[in-house]
S.K.: 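To start, I am sharing the structure in question, which I have written as structure tokens.
First listed ligand is number 1; within each ligand, the first listed atom is number 1.
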Amino acid sequence: MLSKNITISENGTLEFAGYNTVELAQKYSTPLYLMDEEMIRERIRVYKKALEDFFPSGSVPEYASKAFSCKRIYEIAREEGINVDVVSPGELYTAYKAGFPMEKCFYHGNSKSCQDIEFAIQKGIGCFVVDNVSELSLIDNISKSYGVIQRVILRVTPGIDPHTHKKISTGSVESKFGIPIDNGDAVEATRKALSLKNVSLEGFHCHIGSQIFESEPFVTAAKVMIKFMVKIKNELGFIASTLNLGGGFGVQYTENDPVIDYRAKIEEVAVAVNEICKNENFEVPKILMEPGRSLVADAGMTLYTVNSVKEIKDYRNYVSIDGGMTDNPRYALYESEYTVYNASKASKEADYVATIAGRCCESGDLIQENVMIAKPEENDIIAVATTGAYNYSMASNYNRVARPCVVMLNSEKDYIAVKRETLDDLISLDV
Ligand code: LLP
């Protein structure tokens, strides 16, 4: 089985986080997102402890909530004592309504409107991660009108290519995110930030990409960033106290992906950061990291019911399910690989080549092509593993398909964290 939270029950059905998936499918109906609360907490603790152990005091993970956003996840982040990263008024509002402390909330994004900034300041946002100089001026002006000195960090691009999928690679000079270091723009933006009266610059941020399995790109990024911070100290006399290295550590979607020891990888980054700071005679800054996927992805699983099996001889076998790109657009978008199980027949041999087809009127609506599962029949439950990140958060209502509910599982109970959308929800905004 792909992950330690996936097992097989005595009657041969698939279990997730100790729960029988076929029973959960009956209880809550399908499609159904499951989230293993204990695994989320365990991962958060690994990151938190590693940052505490290997970096200066105040170093802490910041959950990139674009990976999975609902009130419950911000409650968990609050209980675990970490920061969160939000990228929209929607994520911010969800965190706020969940009682997440706003001073621990970082507002990201390359395109913030006046209204977005004003809303965040009204709610008492902790820190803006500023993408560009226009935004910097806007934040300064709006902060002035509210009589606040707003904490900010500047997002800069270190010019690193982490060799991941180009749609999720963000650290290059020409990226739409951040201010390039290479051409001198980042120094000028820093100069500007330091000249403004209503922003208080704390440091710098970079995010190089996602689904990265090695520490090496982070080490390279950290080196570029620290050299940049040294330059800023020498040229502008400003000593940055914070370096945010972004998110991006990968997860295992299939047996072909490595399993990451996150603590060991963070330690490798720390060794390099300490060494370069020592060489440059620069005090080691507080380090923030922004994991999204690696906190929630393998804590998630999606269950579907098989509606039909269609065998096109000499071509392929379509197993059509009751969900698809509306609840998981990642195969359609990135051809992302997943591990698929026939949860109803988990102990049977996976000897049937299946293309798992979604229900949308779109040929590209597939969850996975030519995967091996136990031979399915109508009404079997299909489980797709590692769907905790960028599935619910990227779900849509295409074809007016209602979004599934999210059920959390812990050692005591299973409970609904997000309700299933109803048909009336779907028309609730129609005038
Ligand atoms: N910080 C920033 C500034 C980011 O842009 C991201 C992700 C993260 C942190 C978290 O990265 P993670 O640890 O989750 O890799 N929809 C794509 C992923 C887009 C990632 C966007 N930014 C997918 O489904 O693979």
S.K.: For Ala64, take its heavy atoms, then give the atoms of ligand 1 lying under 4.0 Å from any of them.
M.R.: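 Listed by number with element: 8 (C), 9 (C), 10 (C).
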
S.K.: Which residues pass the side-chain hydrogen bond (donor to acceptor under 3.5 Å, both in side chains) test with Ser320, sequence neighbours left out?
M.R.: none

S.K.: Using a 4.0 Å cutoff against the non-hydrogen atoms of Tyr334, which atoms of ligand 1 qualify?
M.R.: 16 (N), 17 (C), 23 (C), 24 (O), 25 (O)

S.K.: Report the part of Ser210 in contact with ligand 1, treating N, CA, C, O as backbone and CB onward as side chain, heavy atoms under 4.0 Å; options are side chain, backbone, both, neither.
M.R.: both

S.K.: Quick test of your reading: applying salt bridge (charged side-chain N to carboxylate O under 4.0 Å, His left out), list the pairs with at least one residue in residues 80-91, sequence neighbours left out, ordered by first then second residue.
M.R.: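 Pairs touching residues 80-91 that pass the test: Arg41-Glu80, Arg45-Glu80, Lys66-Asp85.
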
S.K.: Examine distances only and state if a side-chain atom of Asp140 and a backbone atom of Asn198 form a donor-acceptor pair shorter than 3.5 Å.
M.R.: yes

S.K.: Going by side chain to side chain contact (heavy atoms under 4.5 Å, CB included), Lys231 matches just one of Leu236, Val187, Ile181. Which one?
M.R.: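 So, applying the side chain to side chain contact (heavy atoms under 4.5 Å, CB included) to Lys231 and each of Leu236, Val187, Ile181, only Val187 qualifies.
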
S.K.: So, Asn317 side chain and Val353 main chain: donor-acceptor pair closer than 3.5 Å or not?
M.R.: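 Judged by distance alone, yes, a pair lies under 3.5 Å.
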
S.K.: Has Gly248 got any heavy atom lying under 4.0 angstrom from an atom of ligand 1?
M.R.: yes

S.K.: What atoms of ligand 1 come closer than 4.0 angstrom to any heavy atom of Pro291?
M.R.: 13 (O)

S.K.: Mark up the atoms of ligand 1 that fall under 4.0 Å of a heavy atom belonging to Arg155, in ascending order.
M.R.: 3 (C)

S.K.: Among Asp298, Asp36, Asp261, which residue satisfies the salt bridge (charged side-chain N to carboxylate O under 4.0 Å, His left out) criterion with Arg43?
M.R.: Asp298

S.K.: Can you tell me if Asn410 uses its side chain to pair, donor with acceptor, with the backbone of Lys413 under 3.5 Å?
M.R.: yes

S.K.: If you measure from each non-hydrogen atom of Val129 to ligand 1, which part falls under 4.0 Å: side chain, backbone, both or neither?
M.R.: neither

S.K.: With rounding to the nearest 0.5 Å, note down the distance linking OG1 in Thr190 to CD in Glu235.
M.R.: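 Reported value, rounded in 0.5 Å steps: 10.0 Å.
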
S.K.: Is the shortest N/O to N/O distance between Tyr390 and ligand 1 below 3.5 Å?
M.R.: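 Yes, Tyr390 has an N/O under 3.5 Å of an N/O on ligand 1.
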
S.K.: Output yes when the distance from some N or O of ligand 1 to some N or O of Arg330 is under 3.5 Å, and no in every other case.
M.R.: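 So ligand 1 has an N or O lying under 3.5 Å from an N or O of Arg330.
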
S.K.: Which of the numbered atoms in ligand 1 are below 4.0 angstrom from a heavy atom of Met394?
M.R.: 16 (N), 24 (O)

S.K.: Against heavy atoms of Glu290, which atoms of ligand 1 measure under 4.0 Å?
M.R.: 1 (N), 2 (C), 3 (C), 8 (C), 9 (C), 10 (C), 13 (O)

S.K.: Out of Lys66, His108, Arg293, whose heavy atom is nearest to atom 2 (C) of ligand 1?
M.R.: Lys66

